[in-house]
Amino acid sequence: MTARSPAKPRGRKRPAPTFASRVCALVRRIPRGRAISYGGVAAILGSPRAARGVGTALSGVEPDRDVPWWRVINRNGEISIKGDPILAGLQRRLLEKERVKFDRRGRVDWESFGWRGPSGPK
DNA sequence: AAGGTGACTGGCG
DNA sequence: TCGCCAGCCACCT
């Protein structure tokens, strides 16, 4: 192995995946009936302070896309969509449809429905 | 290429 | 607990 090529033996340099695409890839793995915060997604992706970026990315996800964007909520367990009550309502219904419960204040209990990532507990 | 926006957060009163 | 505020970041002009 000392004979390794000095140059990059690797084929062409693949275009770096955009942050948004990485967000989608992870979100696609959130199990049904579970939820995670924007900051949680950011942390798992290795950018613990990019919570805002996660929100930006998800806001661009097309509805007919197979990305369960509704499983991502804010740190308080609340629906965080602003400026579009219709969409916010849809998110809540989609979660409830998979049995995620909202308390009286409209919050989801992390202990019961939180997803800790691919490497975390089931 | 620099400035504006917002589906975020942690810290503090 | 709740509201407010200043960072922080990826996107879009």
Side-chain angles (χ1 to χ4, degrees):
Chain A
M1 346 257 250
T2 58
R4 253 205 167 338
S5 307
K8 19 179 61 177
R10 218 31 57 210
R12 79 187 66 282
K13 188 173 13 170
R14 187 182 329 260
T18 64
F19 183 75
S21 71
R22 296 200 300 136
V23 168
C24 288
L26 177 62
V27 170
R28 250 190 293 264
R29 309 181 52 173
I30 305 175
R32 232 177 94 77
R34 291 333 231 10
I36 186 174
S37 69
Y38 296 89
V41 170
I44 292 173
L45 291 180
S47 306
R49 295 176 231 162
R52 248 181 141 142
V54 173
T56 299
L58 291 182
S59 70
V61 173
E62 290 161 55
D64 55 318
R65 192 88 190 160
D66 67 7
V67 176
W69 55 270
W70 59 89
R71 311 218 260 238
V72 184
I73 56 189
N74 72 24
R75 67 171 163 184
N76 298 317
E78 311 166 309
I79 300 298
S80 199
I81 294 178
K82 297 169 185 174
D84 190 342
I86 310 296
L87 188 58
L90 171 63
Q91 178 169 23
R92 174 157 178 163
R93 290 198 313 280
L94 286 169
L95 282 169
E96 293 182 316
K97 181 161 49 175
E98 34 190 72
R99 332 218 94 178
V100 169
K101 306 287 174 65
F102 285 80
D103 66 18
R104 181 168 40 176
R105 279 178 291 181
R107 296 181 174 179
V108 169
D109 174 28
W110 292 122
E111 286 293 322
S112 312
F113 308 102
W115 182 58
R116 324 239 273 169
S119 58
K122 183 181 48 168

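Chain naming here is simple, since letters A, B, ... match the order of the sequence lines and numbering starts at 1 in each. Predicted model only: the values in this text are computed from it and were never measured. Because only heavy atoms are used, hydrogens play no part in the values below, and waters and symmetry mates are left out as well, while side chains stay in.
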- At under 4.0 Å, does any side-chain N or O of A:Ser47 touch on OP1 or OP2 of C:dC9? no
- Provide, to the nearest angstrom, the distance between the CG atom belonging to A:Leu58 and the C1' atom belonging to C:dC11. 13 Å
- Query: Between A:Tyr38 (OH) and C:dG7 (C1'), how many Å, whole number?
  - Reply: 19 Å
- Message: Tell me the interatomic distance from A:Asn74, atom CG, to C:dC2, atom P, rounded to whole angstroms.
- Response: 12 Å
- Please walk me through it: do A:Ile73 and A:Gln91 pass side-chain contact (heavy atoms from CB on, under 4.5 Å)? CA-CA 9 Å; A:Ile73 56 189; A:Gln91 178 169 23; 3.8 Å; yes
- Short side-chain N/O contact from A:Ser80 to OP1 or OP2 of B:dC8, under 4.0 Å: yes
- A:Glu62 CD to B:dA7 P, straight-line distance once rounded to whole Å: 19 Å
- Counting only heavy atoms not in A:Arg65, do more than 12 fall under 6.0 Å of its CZ? no
- Task: Answer yes or no: is there an ion pair linking A:Asp66 with A:Arg28, defined by an N-O contact shorter than 4.0 Å?
- Result: yes
- Closer than 4.0 Å, any side-chain N/O of A:Lys82 to the OP1 or OP2 of B:dT5? no
- Query: Is the shortest side-chain N/O distance from A:Arg49 to OP1 or OP2 of C:dA10 below 4.0 Å?
  - Reply: no
- Ignoring the backbone of A:Trp69, work out which of C:dC11, B:dA7, B:dT9 is nearest its side chain. B:dA7
- Query: Of the candidate nucleotides C:dT1, B:dA7, B:dT9, which contains the atom at the shortest distance from the side chain of A:Ile81?
  - Reply: B:dA7
- Note on the structure: A:Arg22 atom CZ is separated from C:dC11 atom P, nearest whole Å, by 10 Å
- Task: Report the residue (A:Gly40 or A:Thr56) whose heavy-atom-nearest nucleotide on DNA chain B is the more 5′ of the two.
- Result: A:Thr56
- Respond yes when some side-chain nitrogen or oxygen of A:Arg92 is under 4.0 Å from OP1 or OP2 of B:dA7, and no when none is. no
- Query: Nearest to the side chain of A:Arg52 - C:dA10, B:dC8, C:dC2?
  - Reply: B:dC8
- If pairing means Watson-Crick or G-U wobble with both distances under 3.5 Å, then the partner of C:dC8 is none
- Listed nucleotide nearest any side-chain atom of A:Phe19, set C:dC11, B:dA7, B:dC8: C:dC11
- Task: Calculate the interatomic distance between A:Leu87 atom CG and B:dG6 atom P; express it in whole Å.
- Result: 15 Å
- Item | For atom CG of A:Asp84 and atom P of B:dT5, their distance in whole Å | 19 Å
